[in-house]
Chemist: 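This structure is in structure tokens; I'll ask about it shortly.
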Amino acid sequence: AFEVELKKSGEVVTVPEDRSILEALRDAGHATSSSCESGTCGTCKTRLLSGEADHRDMVLMEEEKGDHIMICVSRAKSGRLVLDL
Ligand code: FES
């Protein structure tokens, strides 16, 4: 598991191994936009403020990978991600 911090509220949500970031946010009561939920459509693109993402989508350009994450499929390499949510 790893954690995501929501910058705007300071809330920290734990993402278990068997849940996506998107699902964990929904479980915590946050409405999040999504469509394909398989890393191909781009709807769930979220700004990544800090932390190292384990990108598993098919959408992001190389130059976007440092500061964006597709939260339906991608995860953290370790520790905590800070999202602009
Ligand atoms: Fe389509 Fe995440 S919901 S890429």
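Atoms within each ligand, like the ligands themselves, are counted from 1 in listed order.
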Chemist: Evaluate the side-chain proximity of L85 to H30: yes if any heavy-atom separation is below 4.5 Å, no if none is.
Modeler: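 The answer is no, as the side chains (C-beta and beyond) never meet within the 4.5 Å cut-off.
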
Chemist: Less than 4.0 angstrom from a charged side-chain N to a carboxylate O is my criterion; do R26 and E23 meet it?
Modeler: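 Not counted as a salt bridge, because no side-chain N and carboxylate O are separated by less than 4.0 Å.
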
Chemist: Does L48 reach the side chain of V82, with side-chain heavy atoms less than 4.5 Å apart?
Modeler: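 No; the side chains remain at least 4.5 Å from each other.
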
Chemist: With a cut-off of 4.0 Å, which atoms of ligand 1 are near a heavy atom of E37?
Modeler: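 Within the 4.0 Å cut-off of E37, ligand 1 contributes 1 (Fe), 3 (S).
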
Chemist: Check ligand 1 against M70 and write out every atom of the ligand that is under 4.0 Å from a heavy-atom position of the residue.
Modeler: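 Heavy-atom distances to M70 below 4.0 Å select 4 (S).
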
Chemist: Verify the distance test for C44 against atom 2 (Fe) of ligand 1: any N/O/S atom under 2.8 Å, yes or no.
Modeler: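 It does: C44 brings an N, O or S atom closer than 2.8 Å to atom 2 (Fe) of ligand 1.
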
Chemist: Within the 4.5 Å heavy-atom criterion, are T46 and I21 side-chain neighbours or not?
Modeler: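 No, every pair of side-chain atoms sits at 4.5 Å or beyond.
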
Chemist: Which ligand 1 atoms are under 4.0 Å away from a heavy-atom of S35?
Modeler: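 Heavy-atom distances to S35 below 4.0 Å select 3 (S).
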
Chemist: Considering only heavy atoms from C-beta outward, does the side chain of R47 approach that of H68 to under 4.5 Å?
Modeler: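 Side-chain contact under 4.5 Å: yes.
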
Chemist: Taking a hydrophobic cluster as the set of Ile, Leu, Val, Met, Phe, Trp and Tyr residues connected by side-chain heavy atoms closer than 4.5 Å, whether directly or through intermediates, do F2 and V13 fall within one such cluster?
Modeler: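 Shared cluster, yes.
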
Chemist: Is there an N/O/S atom in C36 at a distance below 2.8 Å from atom 2 (Fe) of ligand 1?
Modeler: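 Within the cut-off used here (under 2.8 Å), C36 places no N, O or S atom near atom 2 (Fe) of ligand 1.
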
Chemist: What part of T40 sits under 4.0 Å from ligand 1 if we count only heavy atoms: the side chain, the backbone, both or neither?
Modeler: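 For T40, the contact with ligand 1 is made by the backbone alone.
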
Chemist: Taking non-hydrogen atoms only, is C41 closer than 4.0 angstrom to ligand 1 via side chain, backbone, both or neither?
Modeler: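 Both the backbone and the side chain of C41 come within reach of ligand 1.
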
Chemist: Does the side chain of H55 reach to within under 4.5 Å of the side chain of L60, using non-hydrogen atoms?
Modeler: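 H55 reaches L60 side chain to side chain.
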
Chemist: Look at atom 4 (S) of ligand 1 and find which of S38, S34, S20, G42 reaches it with the closest heavy atom.
Modeler: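 That would be G42.
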
Chemist: Quick one: which ligand 1 atoms are inside 4.0 Å of a heavy atom on G39?
Modeler: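 Reading through ligand 1 atom by atom, the close ones are 4 (S).
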
